[in-house]
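For the numbers below, each heavy atom of this structure counts, side chains included, while hydrogens, waters and symmetry mates do not. In what follows, residues are counted from 1 in the order of the sequence shown. Counting starts at 1 for both ligands and their atoms, following the listed order.
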Amino acid sequence: MVSVIPQPLQVEPGTGHVPVATLEVHALGLEPTAPWLADLAARLLSSVDGVAATHDDPASEDAPSGATALVLRLDAHAGPVGSTSPERYSLVVDDGGVTATAAEPVGLLHAVQTLRQLVEAPRSGDDPARVSHVVVHDAPRYPWRGLSVDVARTFFGLDALRAVIDVAAAYKLNVLHLHLTDDQGWRIESPSRPELAKLSSGSDTSGGKGGHLSLADFRALQDHAAERFVRVVPEIDVPGHINAATHVYGDLMPDGVATDAYSGIEVGFSRLTLDLPATEPFLRDVFTDLAHATDGEHVHLGGDEVLKMEPAEYARFVELCERLILEAGKKPVAWQEAAKAPLRPGTIVQYWDTHPMDLTYLVDAAKAGARIILSPANRVYLDMKYTADFGLGQEWAGLVEVRDSYDWEPEEVVPGLPVDTIEGVEAAVWTERIPTRDALFTMLLPRLSAVAEVGWSAPERKDWDDYRRRVAREAHAWRRAGIAFHESAQVDW
Ligand code: ACM
């Protein structure tokens with residue numbers, strides 16, 4: 001099998017190969033829709049050992065002689081026969097060079113990510129890097145393949161988040177969910193409530209100085225994501241996990257007294273109170289601000305671990321936040337607990353907590369029109385320790401080795417869940433015990449690539465032993481890029 005993560009749907013190997021020491025990217029018809037794509041393709045391919053890629057600049061007289069052509073072209077017929085996924089693509093490597101076709105520009109980037117992994121490094125000094133002849137037709141299993149990053153407990157800024165997007169896109173993930181607020185910090189500028197970031201972003205659980213994303217940062221992050229066809233889904237977590245706001249506004253508290261700042265790691269102690277006069281205006285302001293700053297269709301309202309509230313008040317909170325997000329022109333997403341409240345059809349619910357035995361409420365919500373994202377903590381919470389003695393992360397959901405993140409079947413996670421209500425899968429990394437950027441990537445890799453294969457590849461194409469081989473090969477790219485990862489004992493690096 002070829003060495004690509006996530007495993008493509010259809011691969012027909014050929015017999016020859018083409019040299020790719022010099023590659024010239026020709027983008028046909030992409031100027032109006034994705035003018036950056038040829039340049040991005042050239043940069044991605046040039047990151048591979050032994051490859052120098054350029055894109056043809058009409059003004060340039062000197063195309064590299066002897067270069068192999070990589071043609072990027074839109075074609076509605078690209079991809080596996082019968083696939084209607086907007087992300088489908090085909091990649092053909094033969095004596096004529098390399099041709100990528102796709103229904104939409106996103107598929108062309110996926111094709112380039114596949115090609116990048118197909119490059120065989122030079123075997124000796126004189127050998128050029130090369131790619132074996134192959135025909136790939138590929139499309140994803142699920143439309144939502146995400147990663148949630150908690151920037152509230154430990155703040156990670158624009159540079160780190162751009163690097164996270166690059167790694168996610170390398171494995172064809174297409175959603176970056178940002179957990180922007182929690183007890184420990186408010187990490188996004190809210191223009192109608194500037195005090196939030198000003199007064200509640202100066203610390204974190206790592207003893208660091210915290211920080212927040214300005215709207216300009218958020219703009220730049222979304223631009224970076226959009227060029228890689230990654231959608232940013234921002235979350236303001238209510239009505240619990242809210243100490244960063246009650247620390248700023250005493251009128252969100254029944255006794256009118258603002259709470260102390262918090263940099264510990266307990267959960268479930270903070271809450272809003274719906275019937276206080278300040279509560280609805282606060283929610284309206286922060287969700288409307290966030291919706292206006294967001295390019296994508298979705299805004300996440302949190303809703304998890306509200307341990308100190310009666311169900312009736314909780315349900316009214318969910319109803320209100322759904323309505324505010326819809327009024328601001330976005331579609332709501334919420335953690336699993338929100339499915340205990342009556343939801344509007346189309347709201348996306350994110351399953352995470354693997355402890356409850358009875359998930360009837362979630363199945364019922366799906367049957368009533370909710371879409372489900374699967375983030376089972378014992379598989380895809382990438383802040384869980386790999387092994388008991390691992391120095392980073394937590395273990396309340398169990399130890400999560402690479403194989404745990406790889407070997408699971410989304411359709412079997414929630415008994416009785418109609419499979420056609422599954423929108424996709426999303427990994428998550430909570431950052432209470434992840435103090436640095438290297439620590440963050442050590443927790444993400446290699447497990448994120450395993451989750452990517454769960455979300456993208458057809459179940460019959462998955463194979464743990466083969467994945468072990470492929471992921472060891474990817475480690476070269478991580479080392480070359482200086483990206484930290486965990487050399488799990490489950491893989492022969
Ligand atoms: C969560 O882990 N509390 C969503």
Parallel, tilted or perpendicular: which one describes the rings of Trp430 and Trp335, with boundaries at 30° and 60°? tilted
Residue from Glu453, Glu409, Glu423 passing salt bridge (Lys or Arg N to Asp or Glu O under 4.0 Å) with Arg141: Glu409
Hey, which residues fall under 4.0 Å of ligand 1 on heavy atoms? Asp304, Glu305, Trp335, Trp352, Tyr381, Trp430
Write out all pairs satisfying ring-ring contact (aromatic ring centres under 6.0 Å, His included) with one or both partners inside residues 190-234, taking only residues at least two apart or from two chains. Trp36-Phe229
Sequence neighbours left out, cut at 3.5 Å: what donor-acceptor pairs do the side chains of residues 301-312 make with other protein atoms?
unit_1	atom_1	unit_2	atom_2	d
Asp304	OD2	His241	NE2	3.2
Glu305	OE1	His241	NE2	2.9

May I have all residue pairs that pass salt bridge (Lys or Arg N to Asp or Glu O under 4.0 Å) and include part of residues 480-493, sequence neighbours excluded? Asp49-Arg480, Arg468-Asp492, Arg479-Glu487
Atom pair CD/CG of Gln7 and Asp138 - distance to nearest 0.5 Å: 9.0 Å
